[in-house]
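To start, the structure under review is shown below, and the notes come after it.
Being a predicted model, the structure only gives us computed values, none of them experimental. All ligand and atom numbering here is 1-based and tracks the order in the structure.
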Amino acid sequence: MFDSEVRTLCVVGAQWGDEGKGKLVDVIAERADWVVRYQGGANAGHTVHLGGRQFVLHQIPSGILHPGVRCAIGNGVVLDPDTLFTEIDELVREGVDVEGRLYVSDRAHLVLPYHKLLDCESAASRAIGTTGRGIGPAYEDKVARRGIRVQDLRHVDRLRELVQGGIEHANVQLAASGSDKRANAEDTVALLERLAPRLLVLAEDVGLAVHRARLAGAAVLLEGAQGSLLDVDHGTYPFVTSSSTTSGGAATGAGLAPTSIDAVLGVVKAYTTRVGNGPLPTEAEPAVAEEIRKLGGEFGATTGRPRRCGWFDAVVVRYAVRVNGLTGLAVTKLDVLDTFATIPVCVGYTLDGEELDTMPADGESIARVRAVYEQLPGWEKPTSAVRRLADLPPAARAYLDRLQDLARCPMRYVSVGTRRDQIIEVP
Ligand code: IMP
């Protein structure tokens, strides 16, 4: 992916998250000098296999598994320090050398226990089906200018004041939501004082560090979390996450100029899934959804929740191509469709009998659209051992060609299994 022209590459999810970005990032990171997370927080999850054990990285870019690659958590991320240190300790226990190659932006906002408490106690969060990781409340505090940033840990007096303000606001919210739970300022300050020395060692002006690395010719991978349809501006609002998941957010959230992004790779499943509530126009009927879920192992990495499943939606992916400026697509989990005799693909929507050619802004309209399907023949052969596009069954190639045409974006990768080597690079 990196060459003389593409030095900074952004990888985004082009559906509702869980597209398999982690695996792509893992493979591309091998050739990168820097991997930077730019938004979201511990709501994301990427399962990694290490030392015969399996665990999930929520906060640290999986690039950390490649020796020599520098990993950074950008200013646009909301950082849960507890999760961060649990992950660091786990990595170190498994022999991964983290020291000197993990950086945390001094401008990143912290997710504290009261943010998680608010998220879990809020009826609005339940209605959206959030991950309960405190993401929404932490971004709310950031935008309302009462957030606590990594660099605030350098000034204990100021920190106390900030925590006091945050807690007072949180307790008013908790009371208003009918919860009898309350956050405690002393406990929060004590937690931060305990974590500060470890966190400050990692604190860095990440935007500046990556800028300098770029000037020296480094290959930089900007790693998105969640998916484009969960973007707070472009997604199926209000059923979205609280950050800018799309490529515009990558510039702001990594602290780089938009003009420094050379290419944007959009990761899409060969079908569609969504976890949490909100419209999903191509959701399959329960028995078929269950079959896809079983074949694809579609359960959330962070919450274990079963994912809602359905067919590939070209309106969604075309929209993601536009709002991200995608320069290439990576189609994942093609093998999950190996046993289907025919595979429906959504080529457009109708609303009240009228054709729509793009995603409506109104969530209620998205919930009411009818998906217009084309029935494509299945290949009914295993594909997980295939390593060259030319070796795929003709119907599988025709399926991919159709997705590429409908999305109006060139396909760069196809993945046919969960392992790192099960990726086909499109010539
Ligand atoms: P939050 O990000 O926890 O506030 O959740 C908001 C919405 O985004 C919910 O529908 C979540 O299920 C969804 N979401 C958050 N993170 C992920 C993810 O990593 N994959 C898929 N969906 C996610």
Side-chain angles (χ1 to χ4, degrees), residues 11-25 37-48 56-62 73 76-80 83 87 109 111-112 114-143 173 223-246 249 253 266-269 271-280 283 293 296-310 316 320 332-333 363 366-367:
V11 175
V12 298
Q15 293 158 323
W16 278 275
D18 309 315
E19 298 92 348
K21 295 177 294 297
K23 193 173 77 158
L24 257 295
V25 164
R37 273 267 322 254
Y38 61 82
Q39 46 70 230
N43 48 352
H46 174 46
T47 307
V48 296
V56 183
L57 289 177
H58 297 286
Q59 198 71 86
I60 300 179
S62 58
I73 293 173
V77 171
V78 285
L79 174 73
D80 179 344
T83 305
E87 289 177 9
H109 281 248
V111 179
L112 294 170
Y114 56 88
H115 295 123
K116 290 185 244 183
L117 184 60
L118 278 170
D119 201 4
C120 293
E121 294 291 296
S122 139
S125 290
R126 270 194 298 281
I128 287 165
T130 69
T131 59
R133 298 299 174 108
I135 305 299
Y139 277 116
E140 274 182 48
D141 277 359
K142 170 178 175 171
V143 174
Q173 302 263 91
E223 175 183 355
Q226 291 86 45
S228 303
L229 275 292
L230 288 173
D231 184 285
V232 68
D233 285 273
H234 304 296
T236 43
Y237 193 87
F239 297 98
V240 292
T241 191
S242 303
S243 62
S244 300
T245 60
T246 46
V267 187
V268 291
K269 271 181 192 158
Y271 49 98
T272 305
T273 65
R274 161 163 213 174
V275 60
N277 302 328
L280 182 58
E283 188 159 18
R293 186 175 309 120
E298 295 295 352
F299 295 88
T302 299
T303 58
R305 291 180 289 178
R307 295 178 184 142
R308 299 158 63 194
C309 298
V316 161
T332 63
K333 301 188 103 166
I366 304 174

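- Distances from ligand 1 to the non-hydrogen atoms of V240 include at least one value under 4.0 Å.
- Close approach to L230 involves these atoms of ligand 1, each under 4.0 Å from a residue heavy atom: 8 (O), 13 (C), 14 (N), 22 (N), 23 (C).
- Counting only heavy atoms of the protein, atom 2 (O) of ligand 1 lies nearest to T241 OG1, 2.6 Å.
- Closest to atom 15 (C) of ligand 1 by heavy atom, among E19, R305, R274, Q226, is Q226.
- Not one N or O on the side chain of Q39 forms a donor-acceptor pair closer than 3.5 Å with the backbone of G224.
- Side-chain contact check for E223 versus V11: every heavy-atom pair is 4.5 Å or farther apart.
- Every atom of ligand 1 with a heavy atom of W16 under 4.0 Å away is listed here by number and element: 21 (C), 22 (N).
- Formation of a donor-acceptor pair under 3.5 Å by the R274 side chain with backbone atoms of Q15 is not found in this model.
- Interface of A44 with ligand 1, defined as ligand atoms under 4.0 Å from a residue heavy atom, comprises 19 (O).
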- request: Please lay out, stage by stage, how V316 and T272 fare under the test side chain to side chain contact (heavy atoms under 4.5 Å, CB included).
  value: CA-CA 10 Å; V316 161; T272 305; over 6 Å; no
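- Counting atoms of ligand 1 from 1 in the listed order, those under 4.0 Å from a heavy atom of I128 are 10 (O).
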Test side chain to side chain contact (heavy atoms under 4.5 Å, CB included) applied to Y114 and D141, step by step: CA-CA 11 Å; Y114 56 88; D141 277 359; 3.9 Å; yes
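- Checked by distance only, ligand 1 and N43 come closer than 3.5 Å through their nitrogen or oxygen atoms.
- Those atoms of ligand 1 that come under 4.0 Å of a heavy atom in G129, given as number and element, are 9 (C), 10 (O), 11 (C), 12 (O).
- One finds no salt bridge joining R133 and D80 here, because no Lys/Arg side-chain nitrogen approaches an Asp/Glu carboxylate oxygen to under 4.0 Å.
- The shortest distance between side-chain heavy atoms of E87 and H58 falls below 4.5 Å.
- Side chain of E19 to backbone of G17: a donor-acceptor contact under 3.5 angstrom is found.
- Closest protein heavy atom to atom 20 (N) of ligand 1: D18 OD1, 3.0 Å.
- Closest heavy-atom approach to atom 22 (N) of ligand 1 among the candidates I135, N277, T131, V275: V275.
- For atom 5 (O) of ligand 1, the nearest non-hydrogen atom of the protein is T130 CA, 3.3 Å.
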